[in-house]
Q: 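This is the structure, below, for whatever I ask next.
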Amino acid sequence: MASPSHAHGFWRIWTAPLVLAAIIVLGLTSALLGEHIVWKALAWIGLGVPVLTAGWFAARCR
Amino acid sequence: MTASRLKRWYVIHKWSSLICTAFLLLICLTGLPLVFHDEIDHWLQPHHYVTLPTGTPNASFDRLVATSHRIYPDEVISSIFVDDDEPQIYVWMAPSFARMKADRDAIHFIRFDARTAQVLETSKPTSEQPKTFMDVMLALHTDLFVDLPGELFLGLMALLFVIAIVSGVVLYGPFMKKLPFGTVRAERSTRLKWLDLHNLLGIVMLAWTLVVGITGVMNELSTPLFALWQQTEVKAMLASHESESVPKQDALPSVQAAFETAQRAVPGMAVTSIVFPGSPFGSPYHYLLWARGSSTLTSQLFSPVLVDALTGRFTAVVNMPWYLRALEVSRPLHFGDYGGLPLKILWALLDLITIVVLGSGLYLWVARRKTQATRLARIVAAHESAHAVPAMTRTGP
């Protein structure tokens, strides 16, 4: 069984990637499921988040 | 993870990426204009239509068929395509079905105004048409101009890309053990900065690249998947008709009536194309009508409807197997064309970031080889100088 510190290490590394993946998956599916502008806007947000995240970190390291 | 397992994953990541990178860069670059192909097509070849009151019904298909036969009396109609974006209908013709079977590009079209049945355009056979910019982009993206072998090859490259993504994720965990998320060590060396950026951008976009990669593999398999369906289910269904005579094109029942019959069989769906009896892409004994749903998701799901080509009666709605349904759903998830222009722009930006990840991966491999070469040169030099001393003492006085 994983020790508490091991589990802690797992979440420290994987929380951000898993949250981002969940946001992307929600974005990808929302525009597929609904016609309403709200569903489309959710898709724009869902895929806008990774683009902005990538852009923000890339801009910060320059 | 043990050091040997980590090393194994590194080797998988390195080789799967190295083999596919050049092709993936080509796919990403050609994918950029393809995301906007609707907009580019409208811009390069704007279509103009007479203004008619909204709700003007479409002209009868029988009228379009009669006009087509009048323009090309010695040819056969292979299919009719109804556009749902613009008021236009394409009638596709071929010198004969035998010619079409031998050469798919022997077909040409007549474009009609859907409401007035006025001829808007007649095309040369596909084989004689000059390739447009978008044709070239599509070929480079999907089959490298060599049809099925090209599709399978690029499908394999996409599969390697998916393997590279998965192995990259496996390596990400141990790599980030002592680093907080988003760390980019920009000050120490260019290589380290790009290594951190490669990992960061890769993991941020992970779900998108994985989805586009997997749906890319699926799309490249569409030709064999449709062939499989035709050879199994479709063949079995048509076997019961084998004793029937094959109707000639000039003796076919009304297309308009067949269209209305099919439309009644699938209420709530829209018939978007009609494949004529005898076409290599249809049935010898039926009109084959493709209908699709009206919502974003169901508009991807096509149902083939068969209408008897002797009697004009409804025959069946053909069941689509799960692998073709999966292929249909995978299409919008690959094209990014289901959420308006903003989604397309985001799709293009994600594509650009993928190019950065691919490029940085390639750079890291070259830089690593360089540092390894310098290290090796240093070791060799050290080794040589260590051996040079006793040699000198031996040759000395």
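Numbered from 1 within each chain, the chains take letters A, B, ... in sequence-line order.
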Q: Taking it one step at a time, do B:Leu297 and A:Leu33 satisfy side-chain contact (heavy atoms from CB on, under 4.5 Å)?
A: CA-CA 6 Å; B:Leu297 184 62; A:Leu33 294 177; 4.2 Å; yes
Q: Can you say whether B:Leu200 sits under 4.5 Å from chain A via the side chain, the backbone, both, or neither, judging by heavy atoms?
A: side chain
Q: Would B:Ile345 and A:Trp44 count as a side-chain contact (heavy atoms from CB on, under 4.5 Å) if you check the C-alpha gap in whole Å, the side-chain angles of each, and the deciding distance to 0.1 Å?
A: CA-CA 10 Å; B:Ile345 294 170; A:Trp44 304 335; over 6 Å; no
Q: Between B:Val211 and chain A, with a heavy-atom cut-off of 4.5 Å, which part of the residue counts as in contact: side chain, backbone, both or neither?
A: side chain
Q: Atom OG1 of A:Thr53 and atom CE of B:Met205: how far apart are they, to the nearest 0.5 Å?
A: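 It is 11.5 Å, given to the nearest 0.5 Å.
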Q: Distance from A:Leu18 atom CG to B:Ile203 atom CD1, nearest 0.5 Å?
A: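 The CD1 atom of B:Ile203 is 8.5 Å from CG of A:Leu18, to the nearest 0.5 Å.
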Q: Taking all heavy atoms of A:Ala31 and all of B:Gly339, pick out the closest pair and write down the distance.
A: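 For A:Ala31 and B:Gly339, the tightest heavy-atom pair comes out as CB-CA, 4.4 Å.
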Q: If you count heavy-atom pairs within less than 4.5 Å of chain A, which of B:Leu352, B:Leu343, B:Leu349 leads?
A: B:Leu343
Q: Within a reach of under 6.0 Å around CH2 of A:Trp39, are more than 12 heavy atoms found that belong to other residues, nucleotides or ligands?
A: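 Counting neighbours around CH2 of A:Trp39, 12 or fewer heavy atoms of other residues, nucleotides or ligands fall under 6.0 Å, so no.
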Q: Which one of A:Leu20, A:Ile13, A:Thr15 satisfies the side-chain contact (heavy atoms from CB on, under 4.5 Å) criterion with B:Phe181?
A: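 Per the side-chain contact (heavy atoms from CB on, under 4.5 Å) rule, the option paired with B:Phe181 is A:Leu20, out of A:Leu20, A:Ile13, A:Thr15.
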Q: Can you tell which part of B:Pro332 gets under 4.5 Å to a heavy atom of chain A, answering side chain, backbone, both or neither?
A: side chain
Q: Is it true that atom CH2 of B:Trp194 has more than 12 heavy atoms of other residues, nucleotides or ligands lying nearer than 6.0 Å?
A: no
Q: Say you draw a straight line from CG of A:Leu47 to CH2 of B:Trp347; how long is it, rounded to the nearest 0.5 Å?
A: 6.0 Å
Q: Working to the nearest 0.5 angstrom, can you tell me the gap between B:Leu350 CG and A:Ile24 CD1?
A: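 Here the interatomic distance stands at 7.0 Å.
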Q: Atom OH in B:Tyr338, atom CG in A:Leu32: separation rounded to 0.5 Å?
A: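 Going from the OH atom of B:Tyr338 to the CG atom of A:Leu32 covers 5.5 Å.
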Q: Is it the backbone or the side chain of B:Lys178 that comes under 4.5 Å from a heavy atom of chain A, or both, or neither?
A: backbone
Q: For residues A:Ala54 and B:Val204, report the shortest heavy-atom separation together with the two atoms involved.
A: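 The pair with the smallest heavy-atom distance is N-CG1, 4.2 Å.
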Q: Are B:Tyr172 and A:Pro17 packed together at the side-chain level, in the sense that at least one heavy-atom pair is separated by less than 4.5 angstrom?
A: yes
Q: Where does A:Trp56 contact chain B at under 4.5 Å (heavy atoms): side chain, backbone, both or neither?
A: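 Neither the backbone nor the side chain of A:Trp56 comes within 4.5 Å of chain B.
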